[in-house]
Student: 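This is the structure, below, for whatever I ask next.
Heads up: numbering here begins at 1 and tracks the sequence.
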Amino acid sequence: MLHIPSSQFRTVHAPQPARPDVRRSTLATCRDFWRTAPRGVRNDVLILTAVTPVLLAAFALLWIMVPA
């Protein structure tokens, strides 16, 4: 059986040009913020996330109920 060294099948890829000024995604930024934030800040973010729909509903109810 003929053995062909694997080095014959290696492909040479041209180096990709560097991407200028790549901005991080919002998800990556939020993840890093969450990991580095103190526990109190994390708790405040969770509370604000839970309370926001209630505040929006209360504002909408007041908007409807108050005469123009």
Side-chain angles (χ1 to χ4, degrees):
M1 183 176 260
L2 180 64
H3 176 69
I4 301 174
S6 61
S7 62
Q8 279 186 327
F9 297 108
R10 288 190 188 137
T11 57
V12 177
H13 297 288
Q16 294 183 355
R19 292 171 46 184
D21 193 29
V22 177
R23 292 181 54 189
R24 295 176 48 134
S25 69
T26 303
L27 180 63
T29 304
C30 289
R31 184 190 62 220
D32 289 343
F33 166 74
W34 189 258
R35 288 180 179 170
T36 58
R39 183 177 298 274
V41 173
R42 283 192 241 163
N43 289 341
D44 290 344
V45 169
L46 287 175
I47 291 169
L48 182 62
T49 302
V51 171
T52 299
V54 175
L55 292 175
L56 289 174
F59 178 75
L61 183 64
L62 286 173
W63 186 271
I64 292 170
M65 300 298 281
V66 173

Student: So which atom in L48 and which in T52 form the shortest heavy-atom distance, rounded to 0.1 Å?
Tutor: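 Scanning both residues completely, I find the closest heavy atoms to be O-OG1, 2.5 Å.
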
Student: Do other residues, nucleotides or ligands put more than 12 heavy atoms under 6.0 Å from the CZ atom of R39?
Tutor: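 No, CZ of R39 has 12 or fewer neighbouring heavy atoms, counting only those of other groups under 6.0 Å.
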
Student: At what distance, to the nearest 0.5 angstrom, does CG of L56 lie from CG of L61?
Tutor: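 If we round to the nearest 0.5 Å, L56:CG and L61:CG are 12.5 Å apart.
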
Student: Sequence neighbours left out, what passes salt bridge (Lys or Arg N to Asp or Glu O under 4.0 Å) with R35? Give chain and number order.
Tutor: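 Partners of R35 by the salt bridge (Lys or Arg N to Asp or Glu O under 4.0 Å) criterion come out as none, since no residue qualifies.
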
Student: Give the cluster check for F59 versus V54: same hydrophobic cluster or not, with ILVMFWY residues linked at side-chain heavy-atom distances below 4.5 Å.
Tutor: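 Unlinked, F59 and V54 end up in two clusters.
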
